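Please read the structure below before turning to the comments.
These values consider heavy atoms only, across backbone and side chains, with no hydrogens, waters or symmetry-generated copies. No experiment lies behind these values; they were computed from the predicted model shown.
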Amino acid sequence: PRCAAAAWPLFIIHWTYSAYDTPSSAKTKKKPVTAMASTNTIAEGSAALQDELDALNAKITKQGSHVRALKKASSSVDEISSAVDALKQLKLTAETLRAKKELLDPTAQFNRKSFDELILRKMFIVPSFEIHGGVKGLFDLGPPACAVKAAMVDVWRKHFVLAESMLEMECTCLTPEAVLKTSGHVDRFTDLMVKDPVSGECFRADKLLEDAIDELIEENPDMPAAEKEGHLRIQIQADAFSPAELDEQLVKYGCKAPSDEPYGPSFPFNLMFKTSIGPEGTAVGFLRPETAQGLFVNFRRLLDANAQKMPFAAAQIGLGFRNEIAPRSGLLRVREFCMGEIEHFVNPDDKSHPNFSSVASKELVLFGRDDQLGSGKTKTIAVGEAVSTGLVNNETLAYFMARTQLFMEKIGMDPTRLRFRQHLTTEMAHYACDCWDLEIKSSYGWVECVGHADRACYDLLVHGKATKTAMEATLKLDEAREVEVAKLKFNRKALGKTFKADQRVVANALEGLAENWKDFEPIATALETDGTTTVDGFEITKEMLTWKKTSKKVHEIKFTPSVIEPSFGMGRILYSLLEHCFYQRDADEQRCVMKFKPAVAPHKCAVLPISSGAEVNALVDEIAAELMECDMSTRVDKSTAALGRRYARVDEIGVPFAVTVDFDSLTDGSVTLRERDSMAQIRLPKSDVARVVFDFVHGRFTWEEAIAKYPVVQVKED
């Protein structure tokens, strides 16, 4: 869908609110705290309101889980409506409390207007194809954000791939239908859609119904409360209706297409971009909705590349694509996005991690499912304790959670605005053992940015079953071990008569199960009880085989690995980082600063001449060349603007250091070096600049150490 250029007055993004958050108004100026309220009074009042909110959020989460369970169980409309009403009332109460908390401490508000202006003006992020009207769900990264993202990805690769000796791959974005059919994406990755019968324009059906009800209520402010509640009940159930039920509601509310004709019937729309592979058009393919499948299907080759050693991890960073019908959440829900995914393959009977001790004492803010449904408060707890108490399922999952926290701190995310939220049982896939999302708090609430899932053996099993490929690893035993197995004897005549060419496939499947009595026992029980069972889609009868439980000595054990998957949404992380790094110096809206850490700053240093003289400019060029020879992006500003104005320009794009070449530099070979956030300056020899800045960027030297080593100079910037 196209959107008018007027839809992009600024980089204004419409986000999705979680059950815990409501929108805060975008003020252009922060209101001063009145003298009547002391700092202590504000803090105490805010803490008391937060306690109330925490308890209320727990009730909201519990009720939300109840609603999901009712919908999943196809409960009656009245029962669902009653549960939804209760959920809505809890959310309204929470909104009131949040409004009170905001009024009590207005200084905590985020200046979205100034932030949006800076992001657009400095071309961090811009709408794609803007001069043609733009396209919803597509954004372009400008030079500063492109450099920040590249640096962020570089840190991610060093922190995970290199440090953990992971096997990195770059798989194709174009994926055959068979792969995504096996993973479940072809059948289940859908939303309901309707079309304008004249223009063919598409719309997400449940959102049309929600909007129609909003308009109806807005146009009838005197609507009786009971009638209004009835409409709102239908609105909240919009995403749970079947196609036929949704069509009925669209007609009931008079929803018409832009052509003024009724919409066509609702139908499931797969969110993947479909295409054909090859000129014949007979081979169906999709742009991948995630990067993980390429790693799963290459498991056997990856295991060979790792010399058959387990456990091991594979990683990939690249683009994913989702054809959102009506993207409404800015960078949170886009049609093309960068992902970083790790698949750690581990023995399902041993999910310990060899490096766990290195992070066991790291403290994380955890929001377990019991706390979500109980107190509504998070816990700060050491990773080791979280595993030993069973809060986190296993060492490997907890290890990657801790490593993710360390990565976020390394790139400059505010640690006080990070938490790990455990999935409720109603949220998890049936095969998952445990799932934790790293959520980052922005001005719009808590946003899921990194998922950590113990996916058990599901992915390898489904791909192995579909392709009849053994997705197995081998555990070599130090000593031979007695294991219980089933000894089979086939009735070849019965097998051949029933399965013909598939006789060998069926026999191999049964023999594979017979290698472990625990796997074969359900088959034996079913055959004894019912006389029939199903194996890999084949119906087996008792007459086809006999079996005997026995034991044998083995020197190795084959198993299908479990997968622990950390999945990083790089776009969401990038936006959160932009917001966490934004501040205004002395609350002055004209003095915006991006406090990027040197490791991810788009430019590591600026070089500024104090005059436009040829000798000064030659020295500027020499210093810039030395910095860039050390692989440090450098910004040179030789404009005639005042020095303070040029400092402000580089502050706005987050350059952490600025070298100033003045007239003394020509005589004694020294320059000043300014640190962005403190605005303090030191004087040092020109020959030291590249080495000092390089050490700053790589964390080998701190500003505190610099001001102790070099003389501090006083410079008035205004």
Side-chain angles (χ1 to χ4, degrees), residues 121-124 141-151 154 593-703 705-707 709-718:
R121 177 166 50 84
K122 289 299 180 181
M123 202 179 172
F124 277 91
L141 300 185
C146 192
V148 172
K149 179 191 167 189
D154 183 59
V593 183
M594 298 297 281
K595 56 176 181 180
F596 295 122
K597 277 199 168 185
V600 297
H603 300 286
K604 311 308 180 189
C605 190
V607 186
L608 314 173
I610 204 165
S611 81
S612 57
E615 289 181 294
V616 172
N617 282 335
L619 197 52
V620 166
D621 293 338
E622 183 182 336
I623 294 171
E626 290 175 357
L627 288 165
M628 286 187 280
E629 282 177 7
C630 295
D631 296 328
M632 291 184 289
S633 176
T634 305
R635 185 180 182 89
V636 175
D637 186 349
K638 297 180 181 179
S639 68
T640 57
L643 186 59
R645 178 60 191 142
R646 284 183 281 163
Y647 283 146
R649 286 174 182 168
V650 295
D651 287 348
E652 286 182 326
I653 59 171
V655 182
F657 305 105
V659 173
T660 304
V661 178
D662 53 27
F663 296 114
D664 289 339
S665 306
L666 300 176
T667 57
D668 62 12
S670 67
V671 295
T672 62
L673 181 66
R674 173 186 182 265
E675 195 273 332
R676 176 195 59 221
D677 297 317
S678 66
M679 298 191 295
Q681 298 195 28
I682 57 175
R683 191 120 196 142
L684 74 168
K686 176 185 74 67
S687 57
D688 286 3
V689 169
R691 176 182 54 79
V692 167
V693 175
F694 184 89
D695 288 345
F696 282 146
V697 170
H698 291 84
R700 301 170 184 171
F701 196 46
T702 66
W703 183 251
E705 291 172 327
I707 59 179
K709 180 176 181 179
Y710 297 104
V712 177
V713 295
Q714 299 297 324
V715 178
K716 188 175 181 181
E717 295 189 7
D718 294 332

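- The pair Arg645-Asp637 does not count as a salt bridge, with every side-chain nitrogen at least 4.0 angstrom from each carboxylate oxygen.
- Looking at residues two or more places apart in sequence or on another chain, you find a side-chain contact (heavy atoms from CB on, under 4.5 Å) between Ser678 and Glu675, Ala680, Trp703.
- Atoms CZ and CZ, on Phe657 and Arg674 in that order, are 11.0 Å from each other to the nearest 0.5 Å.
- Rounding to the nearest 0.5 Å gives a distance of 4.5 Å between CG of Asn617 and NZ of Lys638.
- For Lys709, the side-chain hydrogen bond (donor to acceptor under 3.5 Å, both in side chains) test picks out no residue, with sequence neighbours left out.
- Under the side-chain hydrogen bond (donor to acceptor under 3.5 Å, both in side chains) criterion, Asp695 pairs with no residue at all, not counting sequence neighbours.
- Around atom CD of Glu615, no more than 12 heavy atoms belonging to other residues, nucleotides or ligands sit under 6.0 Å away.
- Pairs passing the ring-ring contact (aromatic ring centres under 6.0 Å, His included) check and including a residue from residues 671-695, sequence neighbours excluded, read Phe694-His698.
- Here the shortest heavy-atom pairing between Ile653 and Phe124 reads CA-CZ, 3.9 Å.
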Side chains of residues 622-631: which donor-acceptor partners sit under 3.5 Å, not counting sequence neighbours?
from: Glu622; atom 1: OE2; to: Lys686; atom 2: NZ; distance (Å): 2.8

Going by atom type alone, with no hydrogens or angles, which donor-acceptor pairs under 3.5 Å involve a side-chain atom of residues 664-671 and a protein atom two or more places apart or on another chain?
from: Ser665; atom 1: OG; to: Asp662; atom 2: N; distance (Å): 3.1
from: Ser665; atom 1: OG; to: Asp662; atom 2: O; distance (Å): 3.3
from: Ser665; atom 1: OG; to: Asp662; atom 2: OD1; distance (Å): 3.0
from: Ser665; atom 1: OG; to: Ser670; atom 2: O; distance (Å): 2.6
from: Thr667; atom 1: OG1; to: Asp664; atom 2: O; distance (Å): 2.9
from: Asp668; atom 1: OD1; to: Ser670; atom 2: N; distance (Å): 2.9
from: Asp668; atom 1: OD1; to: Ser670; atom 2: OG; distance (Å): 2.8
from: Asp668; atom 1: OD2; to: Ser670; atom 2: OG; distance (Å): 3.1
from: Ser670; atom 1: OG; to: Arg683; atom 2: NE; distance (Å): 2.7
from: Ser670; atom 1: OG; to: Arg683; atom 2: NH2; distance (Å): 3.3

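- Taken from CD1 in Ile707 to OG1 in Thr702, the straight-line distance is 8.5 Å, to the nearest 0.5 Å.
- Under the rule for a side-chain contact (heavy atoms from CB on, under 4.5 Å), the partners of Asp688 that lie at least two apart in sequence or sit in another chain are Leu684, Pro685, Arg691, Val692, Tyr710.
- For Glu652, the side-chain contact (heavy atoms from CB on, under 4.5 Å) partners two or more places apart in sequence, or in a different chain, are Leu118, Arg121, Lys122.
- Residues that satisfy the side-chain hydrogen bond (donor to acceptor under 3.5 Å, both in side chains) test with Ser687, not counting sequence neighbours, are absent from this structure.
- Within a 6.0 Å sphere centred on CZ of Arg646, heavy atoms belonging to other residues, nucleotides or ligands number more than 12.
- For Asp677, the side-chain hydrogen bond (donor to acceptor under 3.5 Å, both in side chains) test picks out Tyr583, with sequence neighbours left out.
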Enumerate donor-acceptor pairs with a distance under 3.5 Å from any side-chain N or O in residues 593-609 to protein atoms, sequence neighbours excluded.
from: Lys597; atom 1: NZ; to: Glu409; atom 2: O; distance (Å): 3.1
from: His603; atom 1: ND1; to: Ser633; atom 2: OG; distance (Å): 2.8
from: Lys604; atom 1: NZ; to: Pro598; atom 2: O; distance (Å): 2.9
from: Lys604; atom 1: NZ; to: Ala599; atom 2: O; distance (Å): 3.1
from: Lys604; atom 1: NZ; to: Ala601; atom 2: O; distance (Å): 3.0

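- Residues passing the ring pair (Phe, Tyr, Trp, His ring centres under 6.0 Å) test with Phe701 are Phe696, sequence neighbours excluded.
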